[in-house]
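What follows is a set of notes on a single structure, which appears directly below.
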Amino acid sequence: MTSRRSTAEIFEKIPTVIFETSSAAAAALAGEVKALVETRQKEGRQVVLGLATGSTPVPFYRELIRLHREEGLSLRNVVTFNLDEYHGLAPTHPESYFRFMREQLFDHVDIPDENIHLPSGLVAVEEIFDHCHAYEEMIDAAGGIDFQILGIGRTGHIGFNEPGSSRDSLTRRITLDRITRQDAAGDFRGEENVPRFAITMGVGTILRARKIVLMAWGEGKAEVVARAVEGVVTEAVSASFLQEHGDARFVIDAPASRELTRIKLPWLTGPVRWSPEETRRAVCWLSSTFKRPVLKLTDEDYNEHGLSDLLSEQGPAYQLNIRIFNQLQHTISGWPGGKPGADDTFRPERAKPYPKRCLIFSPEPQDAVVSIGATIDRLVEQGHEVMVVCMTSGNLRVPDSEADKFASILLEIGETFAEGWGQQAEYARMTLQSLTDKGAVGEDPASLRQLKSLILRGEVRDAAQALGLSHERLRFLDLPFYEKGRYRRFVLGSEDERLVTGLLREFMPHQIYLTGSASDPSSVAALCAKLVEQGLASLQGETWVDACSVWLYRGREKALEPWQIAMAMPISPMQLERKARALARCQSLTSMEQEVTRVNQMTAEQYDGLGLANYEAIESFQRRVVGS
Ligand code: F6R
């Protein structure tokens, strides 16, 4: 029997299930694994699971642990094979996948130790070939993998099969791609500390699994997900080989689905309910794809490019164009805090009250300055009461070289002035010693983390000053979840909630600026956004909360597209220079973050292309819809 394929499926060459949130997806998947494990238990058989590491599977592992603890799921009949391991890392290394798996899953469930398999990170180079061959044989001897869990890297890798990996590749050592190493830089405190090699199952090894599920969360994965699911099968995106597997599936959250045709260009895959947002998206797409300003789009343009029903519902083109043009036009405002005394009917922010109390949340200290430095600048200049809240210390991002620099200067001062500087010199010596003791990849002791926090505070104060923001307008929360954790495995606690809610209650803002809503849910930004959202929810009913406007900005994720933007803050060439100068004061920014001014320029170019005013650069914001 052949069933009729939906239009979305014609674009999507791998079945793809979209869940609203990663936790809902992870729960469904863990439920599926539970059912498989229990069925096999009844049959007296084992289940062979292929496992992944990284941020992606963490919610899935947490759910398995919960099922084990609370619902009596036993995993005694489970055999596991992990996809990969960094070559050169001992199992005890905090970033080794061996340790990751122990901490995230194995130590909390009852999988027998002898059933657990990972490639070794310490195998000698001359033994790699045999080691990898033996790994393949062990998988076969266990009966092959029943259920393979995967994540996907920004290079499209599955396991560590970087671009160029062939369809038939087997377990082997691979050189990690530059992008992969950049993505892991936070975990290792600097790209230079990320291992260059990994041992990974091959694409061919993975494709031998009977069932495969690839998970992806957050907007950062949206592009590569679309390439893997809808693009051609190519060695350039190893996940695209899953198109050739009979039982492979993508399970993703809503932000990771945003580049799929059915989400991005829904009118190409079926009937659309033309909400104001969907209409704006379609008109902006038509204009930017065919490089014609909105006001010049014709009936034919709509009809010939899949938008005939929009035209018949809301046309003629002339009227539709004007309506959307006006909506876009009204997003532009150089008064992010509202323009006092002005008619605000069509302005993004209300005029009253003036001045406003503006609370700007920065997940890591430098995030807000990097992403919306010009808006902060403008709010201060326009007389608002601005408070930038650096939610975490961000110390894991500060390279050892910065701590070394600081301690060396302090030591020199101590030795030069000797008298009365004994303690400082001693502190400097101790710091330098702890840097040597832990080595490039060891864990920072608490005292070193503290010094790195202070260094970052200094950078941010310096950058903020360049934007006219005095030190008193910066608040450092140092949320405990960050101090206790490591990237990709932070866990929020009640003290974090208490601190954020307390701050909201104390400040009672008229405006909040927030980022992280579209990020990978395990990222610092997403966790911080969750704390603010929870805090607001718990204070619901207080009059100030109901009146407070919440503006969402993008940090490290993809910039907002014009159809998504509710407030576009234009930046003059001089202001952009000022922002760039402020950024230059943050030594711990990655080169990508330093390029944010280019991102601001690109948004301005997009507005220009739509036929709106031609600004030098734009910082953009989405309105948070209450209850979203
Ligand atoms: C790790 C692995 C990789 C990751 C991928 C995504 O075992 O197989 O393919 O799944 O690099 O990493 P995260 O989940 O950290 O974004």
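When a ligand or atom number is given, it counts from 1 through the structure's own listing order.
- Applying the 4.0 Å criterion to heavy atoms of L83 picks out, from ligand 1, the atoms 8 (O).
- Checking D183, D520, D177 one by one against R154, the salt bridge (charged side-chain N to carboxylate O under 4.0 Å, His left out) holds for a single residue, D183.
- Under 3.5 Å, the side chains of N161 and R172 contain a donor-acceptor pair of N or O atoms.
- Counting protein heavy atoms only, atom 10 (O) of ligand 1 is closest to G151 CA, 3.3 Å.
- Of the candidates S55, G159, G153, the one placing a heavy atom closest to atom 9 (O) of ligand 1 is G159.
- Compare E85, R488, H157, M101 by their heavy atoms: the one nearest to atom 11 (O) of ligand 1 is in H157.
- Close approach of ligand 1 to G54 (heavy-atom distance below 4.0 Å) involves ligand atoms 14 (O), 15 (O).
- Side-chain contact check for D146 and Q46: no donor-acceptor pair (N or O, by modelled atom type) lies under 3.5 Å.
- At least one heavy atom of K221 lies less than 4.0 angstrom from ligand 1.
- Using a 4.0 Å cut-off to heavy atoms of D84, the atoms of ligand 1 that qualify are 1 (C), 2 (C), 7 (O), 8 (O).
- Of the protein's non-hydrogen atoms, the one nearest atom 14 (O) of ligand 1 is T56 OG1, 2.4 Å.
- In this view, P119 and E85, H131, Y135, I199 satisfy the side chain to side chain contact (heavy atoms under 4.5 Å, CB included) rule, not counting sequence neighbours.
- The part of I152 lying near ligand 1 is the backbone, judged by heavy-atom distances below 4.0 Å.
- Under the 4.0 Å criterion applied to side-chain N and carboxylate O atoms, D107 and R99 are not assigned as salt-bridge partners.
- Every residue two or more places apart in sequence or in another chain was checked for a salt bridge (Lys or Arg N to Asp or Glu O under 4.0 Å) with K221, and none qualifies.
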Could you walk me through whether F160 and F197 pass the ring pair (Phe, Tyr, Trp, His ring centres under 6.0 Å) check?
CA-CA 9 Å; F160 272 136; F197 304 103; over 10 Å; no
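- For ligand 1, the polar-atom distance check against T53 finds a nitrogen or oxygen pair separated by under 3.5 Å.
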